[in-house]
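Worth knowing before you read on, the calculation uses all heavy atoms, side chains too, and leaves out hydrogens, waters and symmetry mates. Residue numbers count from 1 along this sequence.
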Amino acid sequence: MRHSIALALSILIAALPGGAALAQSSKQVKVVLDFQQQGGDSRQGVQGGGGIIVQEKRGEPRVRGRGGVGVEDMTTRTTRSTGIFTVVQDGGMGTMLVAQEIPYPQLAYFYDYAVGKGYAAQGVAWQRVGTALTVRPAVLPDGQIRVRLTPQISYFTPGGGGTIEITEASTELIVPNGRRVQFGGATSSLHEVVRQILGYREQQSSTETSMALTATVQ
């Protein structure tokens, strides 16, 4: 699941536009970020088998053959979900930790992105990377809530570490008070066919990861 969360955050960095600065007030806003992963796996196949039995009776061998065919047809569906939240003052800023340490493929993605955007110097090797979201909510006069999300990267090197806030990848949403709104996600699929001497097998799988946000005035 942590791998999927880091993947979803990388999509957020790559795809979402920026927003405006917010002013503070005395109200409190609870911001919940939900990640849900739904997957399906379908397997179909035919497997044959057989053998030969030789028996001797009264000095005369008897040969008998036997065979069979097995059919496989199975479908599996799974759903995994997780959520993080923070309570922030209206117009203030909070931070939600997404992954304390992400897998190497995502580490390479974030490094390339930061170097390409000028946030990090090329040639400096990152040993570990964590990801977070800074949250800036504002309660609007009509009862809706404007929420600005900004991806943040924390990194470690042999000489120390630091944080990077990817400001141009911020996204700003206006959501109804207490209502869940989906705003991003990713999909992947696999189609595999295996052929054997006496059999055939086909496997199809798909995975969808979605992100949703709920903001509630406390």
field: Spacing of CZ belonging to Arg146 relative to CD belonging to Gln144, to within rounding of 0.5 Å
entry: 11.0 Å
statement: Shortest non-hydrogen pair, Tyr111 vs Val124, comes out as CE1-O, 3.0 Å
task: Kindly give the heavy-atom pair with the smallest separation between Ile164 and Ala120, and that separation in Å.
output: CD1-CB, 4.5 Å
field: Same apolar cluster (I L V M F W Y, side chains within < 4.5 Å links), Phe183/Val98
entry: yes
message: Minimum heavy-atom separation for Ala169 and Pro151, please, with both atom names.
response: O-CD, 3.7 Å
task: In sequence, state the C-alpha distance, the side-chain angles, and the governing distance for Ile145 and Leu140, and then conclude on side-chain contact (heavy atoms from CB on, under 4.5 Å).
output: CA-CA 6 Å; Ile145 303 171; Leu140 303 179; over 6 Å; no
query: Given the rule in the side-chain contact (heavy atoms from CB on, under 4.5 Å) test, do Lys117 and Ile166 qualify, once you have shown the distances and angles that lead to the verdict?
result: CA-CA 9 Å; Lys117 293 295 183 179; Ile166 313 296; 5.8 Å; no
- request: Side-chain contact test, heavy atoms from C-beta onward, threshold under 4.5 Å: evaluate it for Val193 versus His191 and give yes or no.
  value: yes
message: Using the rule that Ile, Leu, Val, Met, Phe, Trp and Tyr join whenever any side-chain heavy atoms are under 4.5 Å apart, tell me whether Leu97 and Leu33 fall into a single cluster.
response: no
4.5 Å side-chain heavy-atom contact, Ile84 and Leu133: no
- request: Could you state whether Tyr113 and Val115 fall into the same hydrophobic cluster, counting links through intermediate Ile, Leu, Val, Met, Phe, Trp or Tyr residues with side-chain heavy atoms under 4.5 angstrom apart?
  value: yes
- request: Hey, could you give me the OG/CZ distance between Ser42 and Arg77, rounded to the nearest 0.5 Å?
  value: 8.5 Å
message: Would you compute the distance between atom CD of Gln182 and atom CE of Met211 and round it to the nearest 0.5 angstrom?
response: 9.0 Å
query: Where does the angle between the aromatic ring planes of Trp126 and Tyr155 fall among parallel (under 30°), tilted (30 to 60°) and perpendicular (over 60°)?
result: parallel
task: Please report the closest heavy-atom contact between Pro137 and Val31, naming both atoms and the distance.
output: CB-CG2, 4.4 Å
query: From Arg201 CZ over to Glu72 CD, what is the distance, rounded to the nearest 0.5 angstrom?
result: 5.0 Å
message: I'd like to know if Leu173 and Phe35 are part of one continuous hydrophobic network [Ile/Leu/Val/Met/Phe/Trp/Tyr, side-chain heavy atoms within less than 4.5 Å].
response: yes
statement: What one should report as the nearest heavy-atom pair of Gln127 and Pro158 is NE2-CG, 3.7 Å
- request: Output, in order, the C-alpha distance, side-chain angles, deciding distance and verdict of side-chain contact (heavy atoms from CB on, under 4.5 Å) for Gln106 and Val129.
  value: CA-CA 9 Å; Gln106 272 69 49; Val129 166; over 6 Å; no
query: Around atom CD of Gln218, are there more than 12 heavy atoms of other residues, nucleotides or ligands at under 6.0 Å?
result: yes
field: Check: Ala186 main-chain N/O paired with Thr209 side-chain donor or acceptor under 3.5 Å
entry: no
query: Any side-chain heavy-atom pair from Tyr119 and Ile153 closer than 4.5 angstrom?
result: no
message: With rounding to the nearest 0.5 angstrom, report the OG1 to CZ distance, Thr76 to Arg43.
response: 7.0 Å
query: Given Leu213 and Leu149, is the side-chain contact (heavy atoms from CB on, under 4.5 Å) satisfied, shown in steps?
result: CA-CA 10 Å; Leu213 181 140; Leu149 302 173; 3.7 Å; yes
message: A side-chain contact here means heavy atoms from C-beta on lying under 4.5 Å apart; do Val88 and Arg136 qualify?
response: no
- prompt: Okay, side chain of Asp34, backbone of Ser81: is any donor-acceptor separation there less than 3.5 Å?
  reply: no
- request: Might you point out which heavy atoms bring Thr150 and Glu165 nearest each other, and give the distance in Å?
  value: CG2-CG, 3.3 Å
task: Look at the side chain of Asp90 and the backbone N and O of Val139, then say whether any donor-acceptor pair between them is shorter than 3.5 Å.
output: yes
- request: Quick one: pull up CD1 in Ile102 and CZ in Arg128 and give me the separation to the nearest 0.5 Å.
  value: 12.0 Å
- request: Please check if Val217 and Val175 belong to a single hydrophobic cluster, counting links between Ile, Leu, Val, Met, Phe, Trp and Tyr side chain heavy atoms closer than 4.5 Å.
  value: yes
